[in-house]
Amino acid sequence: MKKDNTFSAQIKTIYKMLMALFSLFVVAGGGLVYYANNPTAFNFNSENKTVSTVPLEVDEDLIVDGIHIRTGLVDDQGLMVVVNNCTNCHSAKLVTQNRMNAERWNSTIKWMQETQNLWDLGKNQEIIVNYLVKNYPPKAKGRRMALSGIEWYELED
Ligand code: HEC
């Protein structure tokens with residue numbers, strides 16, 4: 001029976017060792033899972049620095065030097081009406097690179113309403129067109145205006 005006793009004692013020792021090993025794995029594994037979910041959990045020497053994951057508020061309607069940064073439009077009366085109605089489908093560049101008088105702005109708007117699903121602008125149309133004509137009027141003509149009121153002198157032989 002002595003031999004049996006040593007054998008079962010050995011089994012017990014191996015069993016205890018395995019259990020110890022197993023619990024080590026459990027603790028280490030648990031720690032790893034916890035660490036994966038809280039990477040800063042074990043940074044004991046860094047004083048509770050809370051890192052905000054919420055992005056800083058960016059001012060969508062920031063205006064610098066009279067320019068609405070997000071769209072590049074000039075800051076003037078009616079700016080936000082233009083931003084809200086004219087930059088949804090295409091870049092504001094398409095608006096600013098086209099310089100027109102009121103009549104042509106109105107007909108461009110009409111054209112977009114008829115063919116591009118632009119909505120009815122109601123009272124805003126006047127605000128928008130006023131803004132556009134004031135800030136994006138037709139460029140000065142390439143040729144100077146005809147001279148007028150000039151006293152020409154006769155060439156003498
Ligand atoms: C519902 C969508 C939509 C809205 C809102 C919209 N547009 Fe357009 N607009 C278009 C489309 C589509 C085109 C054609 C784009 C192209 O040719 O690539 C266009 C073209 C233009 C053009 C160029 C026209 C040309 O002859 O080339 C101008 C200028 C313009 N839009 C100004 C405006 C202004 C000003 C507003 C605000 C009142 C406005 N858009 C709002 C859809 C829209």
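For ligands, and for the atoms within them, numbers begin at 1 and follow the listed sequence. Note that the numbering runs from 1 along the sequence shown for the chain.
- In terms of heavy atoms, A92 sits closest to T87 at CB-CG2, 3.6 Å.
- Counted by atom type alone, N98 and W105 present zero donor-acceptor pairs between their side chains at under 3.5 Å.
- In terms of protein heavy-atom proximity, atom 41 (C) of ligand 1 is nearest to N85 O, 3.4 Å.
- At a threshold of 4.5 Å between non-hydrogen side-chain atoms, the residues P137 and R99 count as touching.
- Using a 4.0 Å cutoff on heavy atoms, Q97 does not count as a contact of ligand 1.
- Near L121, meaning under 4.0 Å from one of its heavy atoms, ligand 1 places the atoms 38 (C).
- For atom 14 (C) of ligand 1, the nearest protein heavy atom (residue, atom name, distance) is W111 CH2, 3.8 Å.
- Annotation for I63 and H68: closest pair CG1-CA, 3.9 Å, computed over non-hydrogen atoms.
- Numbered from 1 in the order shown, with element, the atoms of ligand 1 that lie under 4.0 Å from a heavy atom of N117 read 1 (C).
- Residues forming a salt bridge (Lys or Arg N to Asp or Glu O under 4.0 Å) with K134 (at least two apart in sequence, or on another chain): D76.
- In terms of protein heavy atoms, atom 25 (C) of ligand 1 is closest to N98 OD1, 4.7 Å.
- Of the heavy atoms in M100, only side-chain atoms (C-beta onward) come closer than 4.0 Å to ligand 1.
- Per-atom contact check: atom 16 (C) of ligand 1 does not touch the protein, criterion being a heavy-atom distance below 4.0 Å.
- The residue V82 has no part lying near ligand 1, judged by heavy-atom distances below 4.0 Å.
- Which parts of ligand 1 touch L132 is read off a 4.0 Å heavy-atom cut-off, strictly below it: atoms 35 (C).
- Residues L121 and Q113 share a closest heavy-atom pair of N-NE2, 3.7 Å.
- The side-chain heavy atoms of L155 and Y153, taken from C-beta on, include a pair separated by under 4.5 Å.
- Using a 4.0 Å heavy-atom cutoff, N124 is absent from the residues neighbouring ligand 1.
- Within a 4.0 Å radius of atom 9 (N) of ligand 1, the protein contributes one or more non-hydrogen atoms.
- Between V133 and N101 there is no side-chain heavy-atom pair separated by less than 4.5 Å.
- In this structure, atom 27 (O) of ligand 1 has no protein heavy-atom contact shorter than 4.0 Å.
- Counting heavy-atom neighbours within 6.0 Å of Q77 CD, excluding the residue itself, gives a total of 12 or less.
- Judged purely by atom type and a 3.5 angstrom limit, Y136 uses its side chain to pair as donor or acceptor with the backbone of V74.
- Counting only distances under 2.8 Å, and ignoring water, the protein N, O or S atoms around atom 8 (Fe) of ligand 1 are H90 NE2, M112 SD.
- Among V82, V81, V129, N84, the one residue that satisfies the side chain to side chain contact (heavy atoms under 4.5 Å, CB included) test with N124 is V81.
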